[in-house]
Amino acid sequence: MRLALCGCVPLTESDRKLRGYSPTSEGCVRGYAKGFAQNGVTVNVISATPSASYPRDKRVFFPGGPIAMGAQVKGEAIPYLNISGVKQIALFVGTFFFLLRWGIRHRREKDKAVMTFVSFSAPMIAVYLAARLCRMPYLVLLMDPVLFVTKAHPLKKILVSIDNTFVRWTVRHANGVYNLTKDLAQTYAPGRPACLMRCGMDPEELRPGSQQETKGKRVIVYSGAFDSRYLISLMLEACAQLNPELYELHVYGRGELDHLLDEAAGKYPHIKRMPFVPRQELLDAQRQASLLLSLKDPLHPFVPYCFSSRLLEYLASGTPVLMTHTHEADAFGDLVEVAHDLTPEAVARDIVRLCGMSEQERALRLPRLRAALERFTWQENGREMTAFLRTIVDKPC
């Protein structure tokens, strides 16, 4: 079976180090490609690289060409102009003709399909049209709500709404849908054949570290987006109440609520904004921390649709995780700590309590943690996703 996977996928490790680049969803797509390949599917990635939206690179032109992705997955980058207003047209043309060429090249093979993930409408429409012209099944990866926008200029909101309309149309006409949560499939692809997938990880990422104090202080780490999905104000207010002689909050990330962090860091010396670092340095910081925070707003409309790959990163570190009560927390039971009382005073008490967890207590959790995370390897994900792909490919297109 052969699969063309189209989208903005980080193809080289250097992409992950570029300033402003957040590899969360795109990194998952790379992992899914690996999972398919580990289960016998020949995967060809057709990608705009770097991503059209991250990093916000100022280069005018990104050249295309073959890119090495290892023995199991072949990658090819689409050339495009990185100019506002022209970028989407360039991505449409490049994606359409690259995929059309791929379909013609493999026209004699019956067991083939094309898949993309929700992004902007131009490349999605290009994938849809090329798939239909080549009579190939068309599948969509639904990992997030369709271009969810919280704050934007009125004109931009209108343009995003138009783009959303086209994106939703291509999703509703897919032959099959992979979705991270049931809410995603019910909202954006009702009645379409669907497969519930999971975020994934490599088995070697489960390498618990031991907590290390910084100048005699326990370190609490938050890494991720700084937007309205997360209870940023609550986190900062709770950490402001901690004894600055004993605790430090290290924050990795950027977003629309940056000003709250700047204000808190200016007022409280134990709240620190950390610089952009390579992914491995961030993983090391998470392994050495006393506590990791993931305080999503349970009432935010985005949250029911989301299953964060960052949470798997957190758990793989072996460091205790404090989070709010969401469907993500339910998936891991008592392997995560849930903050039920969402007041700064109560969260501060939870932080102090969990920072006091001994190395022995952390070690006792590891066998159960390892068993739980084995369900989330890319290979295990790929096994279920390949079985679903087979049912779609076997149907008349």
Side-chain angles (χ1 to χ4, degrees), residues 10 13 16-17 21-35 38 70 143 180-181 197-212 218-225 230 250-253 274 276-296 306-324 326-339 351 354-355 357-385:
E13 189 60 30
R16 295 173 178 266
K17 298 178 183 178
Y21 184 65
S22 173
T24 305
S25 59
E26 291 91 343
C28 281
V29 177
R30 181 188 176 102
Y32 292 135
K34 182 177 181 179
Q38 289 173 334
M143 294 186 290
L180 269 182
T181 70
M197 60 186 182
R198 297 182 292 267
C199 288
M201 56 178 288
D202 292 312
E204 56 268 24
E205 289 183 14
L206 183 56
R207 291 192 294 110
S210 58
Q211 58 182 324
Q212 297 182 12
R218 297 293 178 92
V219 175
I220 303 114
V221 167
Y222 170 82
S223 62
Y230 297 89
H250 292 185
V251 178
Y252 299 82
M274 306 305 288
F276 282 103
V277 295
R279 184 168 182 266
Q280 189 56 53
E281 286 187 30
L282 177 59
L283 294 178
D284 289 341
Q286 290 170 178
R287 291 187 182 107
Q288 295 165 7
S290 295
L291 180 66
L292 305 174
L293 299 179
S294 179
L295 301 177
K296 286 185 178 176
C306 179
F307 195 105
S308 173
S309 59
R310 183 77 66 189
L311 177 58
L312 294 181
E313 245 181 41
Y314 272 12
L315 291 168
S317 72
T319 303
V321 179
L322 177 64
M323 59 189 305
T324 46
T326 64
H327 67 94
E328 296 172 293
D330 292 337
F332 290 98
D334 62 355
L335 291 175
V336 296
E337 299 289 336
V338 176
I351 290 173
L354 294 170
C355 282
M357 185 179 292
S358 67
E359 291 293 338
Q360 291 77 12
E361 290 175 296
R362 289 171 64 150
L364 287 173
R365 300 166 63 250
L366 290 181
R368 291 189 300 119
L369 185 60
R370 192 179 299 276
L373 290 178
E374 283 177 355
R375 298 184 293 120
F376 291 86
T377 63
W378 294 122
Q379 185 168 8
E380 193 62 31
N381 265 302
R383 183 176 291 110
E384 297 177 19
M385 294 176 74

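Note that the structure is a prediction, hence the values are computed from the model and not measured. We number each residue from 1, following the sequence as shown.
- L180 is listed as a side-chain neighbour of M197, based on a closest heavy-atom distance under 4.5 Å.
- Here the OG1 atom belonging to T326 is positioned 10.5 Å from the CG atom belonging to L295, to the nearest 0.5 angstrom.
- Ion pairing between a basic and an acidic side chain is recognised when a charged N comes within 4.0 Å of a carboxylate O; E380 and R198 show no such pairing.
- In plain terms, the two heavy atoms of V277 and L282 that are nearest each other are CG2-N, 3.8 Å.
- Taking both residues in full, the closest heavy atoms of C355 and L291 are given as SG-CB, 4.0 Å, listed atom of the first, atom of the second, then distance.
- Side-chain contact between F332 and L312 is present, with at least one heavy-atom pair separated by less than 4.5 Å.
- R362 places no side-chain N or O within donor-acceptor distance of the main-chain N or O of P320, the cut-off being under 3.5 Å.
- Taking 4.5 Å as the limit, some side-chain heavy atom of L311 sits within range of a side-chain heavy atom of M323.
- The minimum heavy-atom distance linking G318 with L369 is given by the pair CA-CD2, 4.1 Å.
- The NZ atom of K34 lies 12.5 Å from the CG atom of N381; values are rounded to the nearest 0.5 Å.
- Heavy atoms only, all atoms of each residue included: L293 and Y222 are closest at O-CD1, 3.3 Å.
- Atom CD1 of I220 sits about 7.0 Å away from atom OG of S290, to the nearest 0.5 Å.
- Closest of all the heavy-atom pairs between A285 and V221 is O-CG2, 4.1 Å.
- Every residue two or more places apart in sequence or in another chain that forms a salt bridge (charged side-chain N to carboxylate O under 4.0 Å, His left out) with D334 is listed here: R368.
- Residue L283 holds its CG atom at 11.0 Å from CD of Q288, rounded to the nearest 0.5 Å.
- Between the side chain of T319 and the main chain of Q286, a donor-acceptor pair closer than 3.5 Å is present.
- Under a 3.5 Å cut-off, the side chain of S223 and the backbone N or O of Y252 do not form any donor-acceptor pair.
- Side-chain contact between R365 and M357 is present, with heavy atoms from C-beta onward closer than 4.5 Å.
- When all heavy atoms are compared, the tightest approach of L322 to V338 is CD1-C, 4.1 Å.
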